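Notes follow once the structure below has been shown.
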Amino acid sequence: MSDETLSKAYSPAEVEAKWYPTWEKRGYFHSDVNSAKKAYTIVIPPPNVTGILTLGHVLNNTLQDILIRFEKMRGKETCWVPGMDHAGIATQAKVEAFLKKEKNLTRYDLGREKFLDEVWKWKEQYGGKIIQQLRTIGTSCDWPRERFTFDEGLSAAVQEVFIRLYNDGLIYKGHRIINWCPKSRTALSDEEVIYRQESGHLWHIRYPFADGSGEVVVATTRPETIMGDTAVAVNPEDERYKGLVGKMLILPIMNREIPLIADEYVEKDFGTGAVKITPAHDPNDYEVGLRHNLAMPNIMNDDGSMNENAGEEFNGLDRSVARKLVVEKLDAAGLLVKVEDYAHQVGYSERGGVPVEPRLSEQWFVKMEPLAKPAIEAVTSGKIKFHPDRWVKTYLHWMENIKDWCISRQLWWGHRIPAYYCKKCGKVYVGKAAPEKCECGHTEFRQDEDVLDTWFSSWLWPFSVFDWPNATPELKRFYPTDTLVTGPDIIFFWVARMIMSGLRFMGEVPFKDVYFTSIIRDDKGRKLSKSLNNSPDPLDVVATYGADALRFTMIYIAPMGQDIRYDNKKCEIGRNFANKIWNVVRFRLQHGTAPKDWMDLSSLKAADLRPDDQWILSRLNQIVKTMTQQLAEFDFNNACKSIYDFIWNEFCNWYLESAKPALSAPAGTTCATLKVFDYCLGTFLKLLHPIMPFVTDELYHQMEFCTEDDSIMVQAWPEAIPEDRMAELGATKSVEQLNAAKYELVRAVRNLRANYQLSTSLPLDVVITPASDEAKAFLDLDHDALGALLNAKSMVLGDKPQGPVGVALSAIGTAFVPLEGLVDFAAETERLKKQEEEAVKYIATLEKKLSNKGYVDHAPAAAVQADRDHLAETQDKLARIREQLAALGA
RNA sequence: GCGCGCAUAGCUCAGUUGGUUAGAGCGCCACUUUCACACGGUGGAGGUCACAGGUCCGAGUCCUGUUGCGCGCACCA
């Protein structure tokens, strides 16, 4: 027996500080590659090395932790690989800002090598905070297996993949219009561009014919690109321009002659039907330029300023300044016809936060279509399942319209492209190193300056973490992984590409299930963001409410596939729940700790058990089944609700209250009830452990359910008691129903109490007239529990007592409470009249339903029978209500 | 334009393949510091399930349409 008593309220801080290091030290998180158990693997979506813990991470990693702990208890060899992403643009930008602030240096001041040294230094000092922070919420990651997308092994995998794809003709270098971020001064992939609706203008500009015979008016949203125009295009079918195509126009400002051309791409009905063509600065114009063999002058520098091709006056001006100046000059020259307000979509750099510039340049691309084909099949065939599955449609739409992936970045922080150019003839060689000698005989080479898109390393994550391309035992054992938990926002960036690379390089899907988490918003429905200052720091929340409380709350409020609205107050749900369980144990410990054989119910017989014991065992069995299924089906939200409702409502409010007399009794039922109590308690602690790991392990130990050097974390997941054994214990459906009816009667008496404003602490004399012989026999089994639930001074089964009484009716019987001097006849009549009305209404509903032949013939027999039972019960109840009304003289 | 999602109690949301009198948490009202818990207990009020049709014996649930909100993709300069 424990001699120390638990504090009244649960304080999580010390419990969390105690258990996490204990679990980690004991190696519970570490997976054994040689074990005989079935493997269950998750690879963490690697957070950015620059990142700090957000609520999004909390949700995402709690879900993974639930799966890992659940599967571990179910007997699997669980392996949860943690790690980080080097996050090219984000990290480089962060370190550049840092250097500017601390040393007033730019990366160009340092040069490539020194700058990279600084990034590594920064990484060692400030990076990876998030990995430490993850521990505070209890994540059971296999820390010795932690990887970094830029570590040696993963870099080797990246290089290998690049070389293989190049040799297979799936990586090529191309001259194309790409999305350019003028802030980070690099190319981007299509996915890194975010389109935002903006209210801009449509400028209508005159382009006079060179022969002075008139003009063509074009409409544009980007006047500053006028210096790069090499044609004006109209639709070939457009009557307005018939006969004019082929004539030369004077390009305003530049005073250069450009042709009027005809191209199908132009819509007759938009704007003026004439489009200025700037091939180097617009993807559509580029296509037109190719078709018509137009010159493609680039008029901008890589930082978004104008270059010498834009003319002396504009050279060096920022594109936004140039825009204003161009408009001014056109206006002054009388070439500006009008300016319309115009709402249109503008592409922004995801990381840089500035408008992207379409730019003609030489970049490396991955040819995606051949990779997409098998990846489409993997999902349509069901080899990979999405939860919720509606994301399949999004995935397939992208996959079926996939474009080549621009993978080169003009950054320094990233995997250098393994391509080498002969310094003499320029021939390119792709490989781990430059060849000794070029075909031309020259021996000097330079490596490609560019690095690879960060996602080019992330997409290999499920197998590169196990040291692919080496055939390691880990790779063999833990690939393919089982479940991926991630946000739907990176379905294209990451999920789709992992599927493609997994199939390509491993010949097998990288995971079987993908669970897409909710997006967290604030209580007003806004996305959490730094600028709105509406993202609570999870570490503060943990400090205030506890890690378990935060975990439980997040999962409790996060339904599958829906966004969630979060505010800190909601963590009270989890905090209060943890406190509730804490107090169950506090209560239980008043009767000593658990005996060693607490899990063994084999000595129990039906006769030893009170109906409430049988009822709770029946309910517990149900919850074991339900919860197991819900976790296995990723229905975390409902799993939380199930266990919450069971513990709070069924166990605490009914069972525990019913057990108080038995537990205070010196012997007899005490043993059996304690046994059932402990069995339930130990079982639900285990069920709850994956969701609330800290408090459950603490209480498991407080109860001495296991020894000090053991842990709930490594116990076996609960199994339902077999049906035949349940029957032996008398925990049958019919007992469960009778007991539920008993509680219904208790509720009716409590309602009576409230109506007469009788304090809940005032013990009452109660006489119950059972509704049937079966009811009488059942109620006779245990007067103590019923008396306790009713808070009765005396409780007898018998006929209605003499004198003024309050009446409480339920299907199992009628309860009479003598209320000498308290009964207000008018009020009592009114109360019963109301109940009569309800019963009459319900009976009418049921009779109508049951007299409908279609219903009786078509509906399931069980539904019909249930209605018939309810009808009989309600009719019986109505009769008793009327009897009492008659007695009142109403 | 195409696709997806959402609309249920004052608020935030559940509601499985259609079948008890539509639920929970918070908030609200009344009672309650009884000996596990006031981070508690008991009772209660509160909903024509966005709207209009349809299928069905039966619709919050399925179908069609409408409205409003959110998201994604693609865009006509």
Side-chain angles (χ1 to χ4, degrees), chain A residues 5-6 8-10 195 202-203 218-222 225 232-233 265-278 282 284-285 342 344-345 388 390-391 393-394 397-398 401 488-489 491-492 519 521 523 525 545 549 556-559 561-567 569-570 572-590 633 635 637-638 641 644-645 649 652-653 656-657 660 664 746-747 750-755 757-763 791 838-839 841-842 845-846 849 852-860 862-864 866-867 869-870 874:
Chain A
T5 47
L6 264 48
K8 217 169 168 185
Y10 171 55
Y195 289 91
L202 201 51
W203 284 273
V218 306
T220 182
T221 54
R222 301 208 54 199
T225 61
V232 169
Y265 148 72
V266 181
E267 298 281 330
K268 281 191 293 187
D269 302 327
F270 185 87
T272 61
V275 186
K276 66 194 264 314
I277 301 298
T278 323
D282 181 281
N284 289 312
D285 292 7
Y342 183 61
H344 63 139
Q345 301 271 93
R390 69 185 149 85
W391 292 108
K393 214 161 176 175
T394 307
H397 181 257
W398 188 75
N401 298 285
D489 50 332
I491 198 165
F492 309 140
I519 292 168
R521 298 173 180 282
D523 55 339
Y545 297 96
Y556 185 85
I557 65 175
Q562 258 4 94
D563 291 356
I564 62 177
R565 290 185 187 218
Y566 173 91
D567 74 296
K569 192 176 186 304
K570 287 191 175 167
E572 288 179 7
I573 302 170
R575 181 200 60 183
N576 295 353
F577 187 41
N579 190 59
K580 189 78 181 174
I581 301 157
W582 177 264
N583 275 286
V584 170
V585 171
R586 191 162 173 260
F587 167 79
R588 173 60 186 80
L589 287 176
Q590 293 174 350
E633 291 172 356
D635 194 359
N637 176 242
N638 283 319
K641 290 185 170 163
Y644 182 90
D645 185 61
N649 223 298
C652 292
N653 289 354
L656 189 150
E657 292 302 329
K660 280 179 177 173
S664 331
V746 172
R747 273 203 200 91
R750 286 171 177 172
N751 177 283
L752 178 75
R753 238 184 220 282
N755 272 290
Q757 309 231 331
L758 300 169
S759 159
T760 42
S761 57
L762 177 74
N791 188 21
E838 273 170 19
K841 211 170 121 194
Y842 188 31
T845 308
L846 289 172
K849 216 166 152 189
N852 181 337
K853 199 168 175 307
Y855 174 65
V856 179
D857 289 353
H858 294 92
V864 178
D867 281 342
D869 293 347
H870 287 129
T874 313

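Note that the structure is a prediction, hence the values are computed from the model and not measured. Both backbone and side-chain heavy atoms feed into the values below; hydrogens, waters and symmetry mates do not.
Look at the C1' atom in both B:C49 and B:C6: the space between them is 14 Å, to the nearest Å.
For the side chain to side chain contact (heavy atoms under 4.5 Å, CB included) with A:Lys276, the lone residue among A:Thr225, A:Asp285, A:Asp282 that qualifies is A:Thr225.
Between A:Arg390 and A:Asn791, the residue whose closest nucleotide on RNA chain B is further toward the 5' end is A:Arg390.
Between B:G40 and A:Asn576, a contact under 4.0 Å exists linking OP1 or OP2 to a side-chain N or O. In terms of phosphate contacts, A:Gln590 brings a side-chain nitrogen or oxygen within less than 4.0 Å of OP1 or OP2 of B:A36. A sub-4.0 Å separation between OP1 or OP2 of B:C4 and a side-chain N or O of A:Lys393 is present. Within the 4.0 Å cut-off from OP1 or OP2 of B:C13, at least one side-chain nitrogen or oxygen of A:Arg565 is found. OP1 or OP2 of B:G41 has at least one side-chain nitrogen or oxygen of A:Asn653 nearer than 4.0 Å. A close approach under 4.0 Å does occur between a side-chain nitrogen or oxygen of A:Tyr342 and OP1 or OP2 of B:A77. The side chain of A:Lys660 places no N or O atom within less than 4.0 Å of a non-bridging phosphate oxygen (OP1 or OP2) of B:U34. Distances shown here put every side-chain N or O of A:Asn638 at or beyond 4.0 Å from the OP1 or OP2 atom of B:A14. In this model, the phosphate group of B:C13 is not approached by any side-chain N or O of A:Asn637 to a distance below 4.0 Å at OP1 or OP2. For B:C37, the OP1/OP2 oxygens have a side-chain nitrogen or oxygen of A:Arg586 closer than 4.0 Å. Taking only side-chain nitrogens and oxygens, A:Lys849 comes nearer than 4.0 Å to OP1 or OP2 of B:U21.
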Secondary structure of RNA chain B in dot-bracket form (Watson-Crick or G-U wobble, distances below 3.5 Å, | marking inter-strand pairs):
(((((((..((((.....[...)))).(((((.......))))).....(((((..]....))))))))))))....

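Classification of A:Lys569 and A:Glu572 as a salt-bridged pair holds, one side-chain N sitting under 4.0 Å from a carboxylate O.
When distances are taken from the side chain of A:Lys569 to each of B:C26, B:A74, B:U32, the shortest belongs to B:C26.
Using a 4.0 Å heavy-atom criterion, one finds that A:Ala9 contacts the bases of the nucleic acid, with or without backbone contacts as well.
In this model, a side-chain donor or acceptor of A:Lys580 finds a partner on the base of B:C37 within 3.5 Å.
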